[in-house]
Every structure is written in structure tokens, then in C-alpha cells.
Amino acid sequence: MIQKEKRKIYIIPGLGESTRKRCYIKIVEFAKKSGFSVVPINIKWKLDMYMDDFIRQANKEIPNNIKNDYILGFSFGAYITAVLSKKKKAKGFIFCSLSPYFKDDLNSIPDKSKKYFGKKMMNSFKKYSFPNKNKGSAYFLIGEKDWSIAINRMEKSFAIWSGKKEKYIVKNTGHDLSKKNYIDVLKKIIKKL
């Protein structure tokens, strides 16, 4: 008897994070219990690298034609997921607290953040816009206490996504995947995939 291959969830963590962090381990365990095979995408977040390098690393790890699979990203991981969504023919995408560093967001970024990332990193963001006319399903999550420009980015991205889509505002939570409320909403989404 031929065994059917399990559907996969590719997980891209946020800046400086790894899927070995406790909150990702909880998500991985739940996804596996829900019948998924999980593929962690651990980016080498080096100081001398820029968004192009991070996207290139994830692109190498995720095949292009993954029509029954999903890609989940948090923060910069969600940004990378968005950039790759045109190329990766996934069944769906889960954008958790999407980072507001696309080309049309950059005028709203506070000087403190620009200084933190530096000129080269800020310039690397100028190449990317949130994609439109995308066919896969999309789930957009944001903490109700997140940065206001991150909330605006999520709203704009949700509005232009042309495939099936759902939006979740996670109560009593900011930009923090480790909060129980955030993980509970993610579990609800994974359960219905």
C-alpha cells in the first residue's frame, strides 16, 4: 500500500530567532499532532547580511511547487514569506506580525529603527513590495498592541491579497509570538488547514 505523503508546514522565525525557541517548539508539536510534517527554516541572521541574503537562504530551503503545503512566518519571517509567496506555489501562507519594512512603509519608519538597522539594511528593503494578485489562502495575524505601523502594514497587505484570506487581531498581545493568546490563535488556524 502506498502511503500518502504528509502535508508540510515550513516555519520561518523572526529576526534573530530560531525554531528551537520555546514558542516555535509548541507550534511544531501542535502541527505534528494535527498531521503535518514540519520543516523549520533557520536563517543565519548575521550582522553583515541584508534582507536579500535572508530571502535567498529561505528560498533555497523551500521548493517552488508546494501546492498542498503552507508557509508560516513571524515578523521578518513573515516578510520573507510574503516576498517568496509569488514564487512558491503553496496552498497557503500564515503571516504572523508582518514586519512593516516594504518599500511603501519606509517613510513611516522612525529614525531610531533606521539607525538600528543602518543604511545598507534600509536600502535592501527598498527592493521589496508586498505582492498582490496572489492565489493561495492567507491568514494574517497581528497583536492588538503591536506597533501601529505594523498594524497598518497588516491591514494594507490583507486588503490587496486576492486569494482567500482571514484576519486575526490577537487580544492583549503585542509583537510577541511567545504569548499564549498568539499560540492559541495559531493552533486554531492550523487545526482548520
Side-chain angles (χ1 to χ4, degrees), residues 9-17 19 21 23-24 27 41 43 45 50-55 57-59 62 70-88 90-110 113-114 116-117 121-122 124-179 181-190 193:
I9 294 182
Y10 296 83
I11 299 178
I12 307 173
L15 179 66
E17 295 180 341
T19 55
K21 188 176 174 184
C23 58
Y24 294 104
I27 295 161
I41 307 297
I43 305 292
W45 304 107
Y50 306 105
M51 188 48 72
D52 302 339
D53 302 303
F54 305 144
I55 291 167
Q57 288 178 55
N59 184 44
I62 304 170
Y70 295 84
I71 305 174
L72 180 157
F74 173 71
S75 191
F76 266 19
Y79 184 105
I80 293 166
T81 298
V83 171
L84 293 177
S85 67
K86 290 298 266 188
K87 188 179 205 178
K88 308 297 177 184
K91 186 168 188 176
F93 305 90
I94 304 168
F95 302 107
C96 303
S97 297
L98 183 61
S99 285
Y101 287 92
F102 292 99
K103 186 172 23 178
D104 60 328
D105 299 320
L106 297 180
N107 289 337
S108 305
I109 301 295
S113 292
K114 290 177 183 174
Y116 173 79
F117 283 119
M121 181 66 140
M122 291 305 298
S124 77
F125 295 133
K126 291 178 182 176
K127 297 177 185 172
Y128 303 104
S129 298
F130 188 87
N132 58 6
K133 297 190 173 125
N134 214 316
K135 302 286 184 249
S137 298
Y139 303 87
F140 293 84
L141 293 81
I142 192 89
E144 72 174 346
K145 296 177 181 177
D146 207 320
W147 205 15
S148 63
I149 63 173
I151 294 169
N152 290 341
R153 164 44 53 206
M154 188 273 300
E155 294 290 358
K156 285 193 270 185
S157 301
F158 182 81
I160 64 171
W161 191 269
S162 56
K164 181 183 159 215
K165 57 191 173 183
E166 294 179 18
K167 175 173 48 172
Y168 297 84
I169 310 296
V170 185
K171 299 287 182 201
N172 302 314
T173 305
H175 195 83
D176 191 352
L177 189 65
S178 68
K179 296 293 184 197
N181 292 359
Y182 216 125
I183 291 172
D184 287 346
V185 172
L186 266 175
K187 285 179 177 178
K188 189 168 106 175
I189 293 167
I190 290 168
L193 295 178

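Along the sequence shown, residues carry numbers from 1. Any value given below was found using the heavy atoms of this structure, including those in side chains, with hydrogens, waters and symmetry copies removed.
The two atoms that bring G143 and I151 nearest to each other are O-CD1, 4.0 Å, heavy atoms only. The shortest non-hydrogen separation linking R153 to S99 is CG-O, 3.9 Å. Residues G14 and Y24 share a closest heavy-atom pair of N-OH, 3.0 Å. Nearest heavy atoms, A82 versus P131: O-CG, 3.2 Å. The minimum heavy-atom distance between W45 and P13, with the atom names listed, is CZ2-O, 3.4 Å.
For the atom pair CD1 of I12 and CD1 of I94, the computed distance is 11.5 Å after rounding to the nearest 0.5 Å. Considering CZ of F130 and CD1 of I160, their distance stands at 6.0 Å, rounded to 0.5 Å. Interatomic distance, CG of D176 versus SG of C96, reported as 12.0 Å (0.5 Å rounding). Atom CZ in F54 sits 15.0 Å away from atom CG in N59 (nearest 0.5 Å). Taking CD of E144 as the start and CG of N172 as the end, the distance is 5.5 Å to the nearest 0.5 Å. A distance of 13.5 Å separates OG in S157 from CZ in F93, rounded to the nearest 0.5 Å.
Looking at heavy atoms from C-beta onward, V170 lies out of side-chain contact with I142 at the 4.5 angstrom threshold. Using a 4.5 Å heavy-atom cutoff, the side chains of I9 and I27 are not in contact. F74 places a side-chain heavy atom less than 4.5 Å from the side chain of H175. When side chains are defined from C-beta on, K114 does not count as touching L106, because their heavy atoms never get closer than 4.5 Å. Between T173 and V185 the shortest side-chain heavy-atom distance does not fall below 4.5 Å. Side-chain contact between Y182 and C23: absent, with no pair of heavy atoms (C-beta onward) separated by less than 4.5 Å. Between P110 and W147, the closest side-chain pair of non-hydrogen atoms falls below 4.5 Å. Put simply, the side chain of L186 does not reach to within 4.5 Å of the side chain of Y139, judged on heavy atoms.
Between F76 and F117, the ring planes are parallel. Angles under 30° get that label, and only those over 60° would be called perpendicular. Relative orientation of the Y128 and Y79 rings is perpendicular, given thresholds of 30° and 60° on the angle between their planes.
Looking at residues two or more places apart in sequence or on another chain, you find a salt bridge (charged side-chain N to carboxylate O under 4.0 Å, His left out) between K21 and E17. By the salt bridge (charged side-chain N to carboxylate O under 4.0 Å, His left out) test, K156 pairs with D104, D105, sequence neighbours left out. Shown here are the side chain to side chain contact (heavy atoms under 4.5 Å, CB included) partners of N152, two or more places apart in sequence or in another chain: there are none.
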Self-check item: Steps toward side-chain contact (heavy atoms from CB on, under 4.5 Å) verdict (M154, L141)
Solution: CA-CA 8 Å; M154 188 273 300; L141 293 81; over 6 Å; no
Practice problem: May I have the step-by-step check of side-chain contact (heavy atoms from CB on, under 4.5 Å) for I41 and I71, ending in yes or no? | Solution: CA-CA 10 Å; I41 307 297; I71 305 174; over 6 Å; no
Exercise. For the pair S85 and W161, evaluate side-chain contact (heavy atoms from CB on, under 4.5 Å) and give the outcome as yes or no after the intermediate values.
Key: CA-CA 11 Å; S85 67; W161 191 269; 4.1 Å; yes
Quiz item: Can you list the steps and then say if Y101 with M121 is a side-chain contact (heavy atoms from CB on, under 4.5 Å)?
Solution: CA-CA 10 Å; Y101 287 92; M121 181 66 140; over 6 Å; no
Quiz item: Which is it for S75 and S97 under the side-chain hydrogen bond (donor to acceptor under 3.5 Å, both in side chains) test, yes or no, and what are the steps along the way?
Solution: CA-CA 5 Å; S75 191; S97 297; over 6 Å; no
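Around atom NZ of K86, more than 12 heavy atoms belonging to other residues, nucleotides or ligands sit under 6.0 Å away. Within 6.0 Å of atom NZ in K188, 12 or fewer heavy atoms from other residues, nucleotides or ligands are found, so the atom counts as exposed in its surroundings.
In this structure a side-chain-to-backbone donor-acceptor pair under 3.5 Å is present from S162 to N134.
For F95 and F158, the ring centers sit 6.0 Å or farther from each other.
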